[in-house]
Amino acid sequence: MARSSKLSGFPEWLPAGQVVEQLVLDTARRVFELHGFAGLETRSVEPLETMLRKGEIDKEVYVLRRLHAAQSEADPGLGLHFDLTVPFARYVLEHAGQLEFPFRRYQIQKVWRGERPQEGRFREFTQADIDVVGRDALSFHHEVEMAVVMSSVLADLPIPPAVIQVNNRKLAEGFYRGVGAPDAASVLRAIDKLDKIGAEGVARLLETDAGLSASAAETCLRMASIRTVDDSFADAVMSLGVADPMMDEGVAELAAVVTGANARRPGSVVADLRIARGLDYYTGTVYETQLVGHESVGSIASGGRYDSLASDGRQTYPGVGISLGVTRLVSILLGRDLVEVSRSVPSAVLVAVVDEDARADSEIVASRLRARGIPCEVAPAADKFGKQIRHADRRGIPFVWFPDVAGDTVKDIRTGDQVSAEADSWSPHISDLHPTVTPSSSQEARP
RNA sequence: GUGGGUGUAGCUCAGCUGGCAGAGCGCCGCGUUGUGGUCGCGGAUGUCGCGGGUUCAAGUCCCGUCACUCACCCCA
């Protein structure tokens, strides 16, 4: 087969990497379902007007075209979805009559963005999304719940600590309006660069791009530098002397999210007033998540509250959601050697083959093990036992089974222990039954 | 889309002012003739990204092109 060069932005893992990704997916699904979210999948394509409804022309959408479409044929106007929130909003509108509100769903699917790839940035990647959508109204406590659920997922994974940073769009927009900013979005955009270009760079941007006075820029910078683990950020904001009713509302909401989430999962959330997130449809709480020690890669889970992403004219469907960047997270774990995978194959046991005429005996052993839920495979060739053991060793398979008319034996090739065994009763230790993913020593060494 | 960097063995890379394509790791074999790993010995492996140019001679110099990569933009 001709060798295909790898395509930038379309990651493909080796088997061990796939084990890591599968663990993330399994964990997300388990925790989501534990919290009562129903699994859902939407089609991969949406009409372009659906995706770009909010005027986000700048999205780099991959469009769909039939290879044999005639020149004269009208453009179907379909594109691969770039997130899961917009398709979900469309789904809610279409099925509103058959859904119960507030509607809770999780959705784990690939999404596509035609942007230039970089570390942690891909053109095809998987998101694990949860949203709660109400009809006309949605209780505020769901904005606490999103942080709690995502924090639970992250805490159940063998990864460095993750901190969900929360801000509130009303707080930010109200504050910027209060200091006389003509365009809140451009202020947000500038503030968002604080990590990259520093306070002086942001101050310059605020004056040139966002049209702020030097003193207003200074005030915004002081606001953006506020970061607290409790609701004390509120006093810090008030001390800046900016007054705006929308801001007050945002302060109260943010305080409720931070105290609420930390009451249930201590240390899971911080109020960070520099967080901009999604300059598009978010209207209240916004979330962003950093992996401690790996902040430069960007957020691994983001989302927020949106008041009117979906509306059929008579009713609106406000929602709140958060999305785990599965591919980004896995790429950090693999690229920075943060995890160790016990083996690259599911098999706990390699059943040796004495000679090709006796392969059926080995297959019978394998069937008996499988009947009891023990993943195993039969050696591909009746090589010398040394080679068969090496075959297992290379893949990380911990046990090799030797069929023998005088009585089978099974060898733990890590310790060299070899014992008599019956295929109908022997079991590996539970920790050896499936591949495991553990924090690597380099991760533990991290402070 | 804009700007920088890099393309040589499966992987990581060396290869000077142009002169027989290399190392380490990995892989295969043997020592050890049906129980791996360590050790020793031996072995195989290349479209030097691609195309053109200069030259007696190009991995090396020149032009073009493609890919990858980093940054900007933006984002999971």
| Taking atom P of B:rU35 as reference, at what distance in whole Å does atom CG of A:Asp417 sit? | 18 Å
| note | Mate of B:rU33 across any strand shown (Watson-Crick or G-U wobble, both atom pairs under 3.5 Å) is none
| field | B:rG29 phosphate, OP1 or OP2, under 4.0 Å from A:Arg390 side-chain N/O | value | yes
| Pair assignment for B:rG64, Watson-Crick or G-U wobble, requiring both distances under 3.5 Å | B:rC50
| Whole-Å distance between B:rC75 C1' and A:Asp129 CG? | 15 Å
| field | Phosphate OP1/OP2 of B:rC73 contacted by A:Lys193 side-chain N/O (<4.0 Å) | value | yes
| said: If I pick the C1' atom on B:rC56 and the same atom on B:rG18, what distance separates them, to the nearest angstrom? | reply: 12 Å
| request: Answer with yes or no whether the side chains of A:Gln109 and A:Thr126 bring together a donor and an acceptor at under 3.5 Å. | output: no
| Taking any strand in view, what nucleotide pairs with B:rC25 in a Watson-Crick or G-U wobble way, both distances under 3.5 Å? | B:rG10
| message | Taking the cut-offs as 6.0 angstrom to the six-membered ring centre and 45 degrees off its axis, would you call A:Arg29 and A:Phe37 a cation-pi pair? | response | no
| field | Pair A:Gln118, A:Arg116: side-chain N/O donor-acceptor within cut-off below 3.5 Å | value | no
| message | Under the side-chain hydrogen bond (donor to acceptor under 3.5 Å, both in side chains) test against A:Asp131, which residue among A:Gln107, A:Arg105, A:His142 passes? | response | A:Arg105
| remark: Sorted by position of nearest nucleotide on RNA chain B, 5' first, the leading residue of A:Ala301 and A:Gln388 is A:Gln388
| request: Tell me the partner of B:rU2, counting only Watson-Crick (N1-N3 plus N6-O4 or O6-N4) or G-U wobble (N1-O2 and O6-N3) with both under 3.5 Å; none if nothing fits. | output: B:rA71
